[in-house]
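Structure record follows, encoded as structure tokens.
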2 protein chains.
Amino acid sequence: MASSGRGRDTPIRSVMALLGDRWTTLILLVLATSEWRHAELRRVLARISAEQAISQRVLTLKLRALERDGFISRRVTADVPPKVSYALTPLGLALHDRARDLIEWIKTRGGEIEAHRAAWDAAGAGD
Amino acid sequence: MASSGRGRDTPIRSVMALLGDRWTTLILLVLATSEWRHAELRRVLARISAEQAISQRVLTLKLRALERDGFISRRVTADVPPKVSYALTPLGLALHDRARDLIEWIKTRGGEIEAHRAAWDAAGAGD
DNA sequence: CAGGATCCGATTGGATACTG
DNA sequence: CAGTATCCAATCGGATCCTG
């Protein structure tokens, strides 16, 4: 089942969806710092997300999706047990930069957004 | 139940999720052209998405979410039946601009991404 | 016309157990 | 350690019906 899936998506929609999902952007941010092994990556994601850990299965799914699109590369050593490391490709680094820009923008405007939400929620609270 | 929901999200995650969902970015693109009424908006979204129409319920949900964050404004006339129009706020226009940038980037790199996918799918096809 | 209420299918993400 | 396979809960989006 390696081939299709939701692969008929245009890159536009699927990449936007990637950035919008629960973990992918965080993975990009971490991989931008250096190369990481699977288990290490899981641990650091758990720490910085602060809520809860990514499951092993979902981490694999997200890494595969990023690899399929050419955003990350996977390197395996011949050791036993094998060591598998992930790193951003140049394309992935470029995507990361875009994600950063977006995050920075949201940070600068985050106050306004939260103010709107507070006002909205206050107005609707008396239902 | 107007208040909470997934409202405890930080703007970062929720705005990224907004851009990554099925319709929101498309809605931003359309609203950037002018003000639209609910039914018109539904029709034009159906046309440009080419796959299938957004349901009435989901359009309302998306518009409410955008309104809550202060990205769009809702204007109602005193007519019977009332006319309801939606338009981008300055904050929403700024978000739209960021979405456009991202889309443009994906377009310029889309070829590479699709090439990676093709290679990946071909490699995995012989399972 | 705008939109709320229901019901439903599909997808997403998490927990756990198991394999090379 | 890295990854797969199940099973399950929650969320998302769609279809339909109903109301001011």
Side-chain angles (χ1 to χ4, degrees), chain A residues 1-2 4-9 13-14 16-27 35-46 49 51-68 72-86 124 127, chain B residues 1-2 4-9 13-14 16-27 35-46 49 51-68 72-86 124 127:
Chain A
M1 60 63 169
S4 42
R6 76 261 172 262
R8 224 168 307 282
D9 277 347
R13 269 266 315 273
S14 59
M16 300 286 283
L18 232 44
L19 296 178
D21 78 10
R22 171 94 197 248
W23 293 106
T24 300
T25 297
L26 217 44
I27 292 173
E35 183 182 63
W36 293 80
R37 295 182 56 193
H38 182 102
E40 293 172 334
L41 188 50
R42 251 195 101 188
R43 277 188 290 271
V44 71
L45 286 171
S49 86
E51 338 180 17
Q52 160 199 341
I54 184 174
S55 70
Q56 193 182 36
R57 172 178 159 274
V58 173
L59 177 56
T60 301
L61 287 176
K62 298 306 176 190
L63 291 172
R64 287 292 176 280
L66 287 167
E67 197 188 352
R68 184 170 99 105
I72 65 178
S73 61
R74 181 173 176 273
R75 192 171 64 81
V76 189
T77 68
D79 299 321
V80 177
K83 296 179 178 166
V84 183
S85 300
Y86 297 90
D127 285 353
Chain B
M1 59 64 164
S4 41
R6 78 260 168 263
R8 223 168 309 282
D9 276 347
R13 268 266 315 272
S14 59
M16 299 287 283
L18 232 44
L19 296 178
D21 79 8
R22 171 95 194 248
W23 292 105
T24 299
T25 298
L26 217 43
I27 293 172
E35 184 182 60
W36 292 80
R37 295 182 56 194
H38 182 101
E40 293 172 335
L41 188 50
R42 251 195 100 187
R43 276 190 289 272
V44 71
L45 286 170
S49 86
E51 339 180 16
Q52 161 198 339
I54 183 175
S55 70
Q56 191 181 39
R57 173 178 158 274
V58 172
L59 177 56
T60 301
L61 288 176
K62 298 306 176 189
L63 290 172
R64 288 292 175 281
L66 287 167
E67 197 188 351
R68 185 171 97 106
I72 65 177
S73 60
R74 180 173 177 273
R75 193 170 63 80
V76 189
T77 69
D79 298 322
V80 177
K83 296 180 180 173
V84 183
S85 300
Y86 296 90
D127 283 354

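Throughout, a chain's letter reflects where its sequence line sits, starting with A, and its residues are numbered from 1.
- Side chains of M16(B) and R13(B) form no contact here, defined as non-hydrogen atoms less than 4.5 Å apart.
- Between H38(B) and T60(B) there is a side-chain heavy-atom pair separated by less than 4.5 Å.
- The CG atom of L59(B) lies 12.0 Å from the CZ atom of R57(B); values are rounded to the nearest 0.5 Å.
- By the salt bridge (charged side-chain N to carboxylate O under 4.0 Å, His left out) test, R42(A) is found to be paired with no residue, residues two or more places apart in sequence or in another chain being considered.
- Atom CD of E67(B) is separated from atom OG of S73(B) by 8.0 Å, given to the nearest 0.5 angstrom.
- The side chain of A39(A) sits closest to dA2(D) out of dG13(C), dG3(C), dA2(D).
- Note: CG (L41(A)) to P (dC1(D)) measures 14 Å, nearest angstrom.
- The shortest distance between side-chain heavy atoms of I72(A) and L63(A) falls below 4.5 Å.
- The side chain of Y86(A) contributes an N or O atom lying less than 4.0 Å from OP1 or OP2 of dG3(D).
- In this structure, the CZ atom of R64(B) is 16 Å from the P atom of dG13(D), given to the nearest Å.
- Listed candidates were dG13(D), dA2(C), dA2(D). Nearest to the side chain of V84(A) is dA2(D).
- Contact annotation: W36(B) side-chain N/O to dC1(C) OP1/OP2 distance is not under 4.0 Å.
- Dashed line: the shortest gap from a side-chain N or O of R74(A) to OP1 or OP2 of dG3(D) is under 4.0 Å.
- With rounding to whole Å, R13(A) atom CZ is found 11 Å from dG13(D) atom C1'.
- A straight line from CG of L61(A) to P of dT12(C) spans 10 Å, rounded to a whole angstrom.
- Taking atom NE2 on H38(B) and atom C1' on dG20(D), their separation rounds to 15 Å, with Å as the unit.
- We find that CZ of R22(B) is positioned 18 Å from P of dG9(C), with the value rounded to whole Å.
- Between the CG atom of L63(B) and the C1' atom of dG4(C) there is a distance of 14 Å, given to the nearest Å.
- For T60(B), taking side-chain heavy atoms from C-beta onward, the closest of the listed nucleotides dG4(C), dA2(C), dG14(D) is dG4(C).
- Across all strands shown, D79(A) has no heavy atoms under 4.0 Å from either base or sugar-phosphate atoms.
- Panel note: side chain T25(B), backbone L19(B); a donor-acceptor pair is recorded below 3.5 Å.
- Distance K62(A) NZ to dA2(D) C1': 18 Å, rounded to the nearest Å.
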Identify the pairs formed between an N or O of the protein and an N or O of nucleotides 15-20 of chain C at a distance under 3.5 Å, and give each distance.
{"unit_1": "dA17(C)", "atom_1": "N6", "unit_2": "Q56(A)", "atom_2": "OE1", "d": "3.4"}

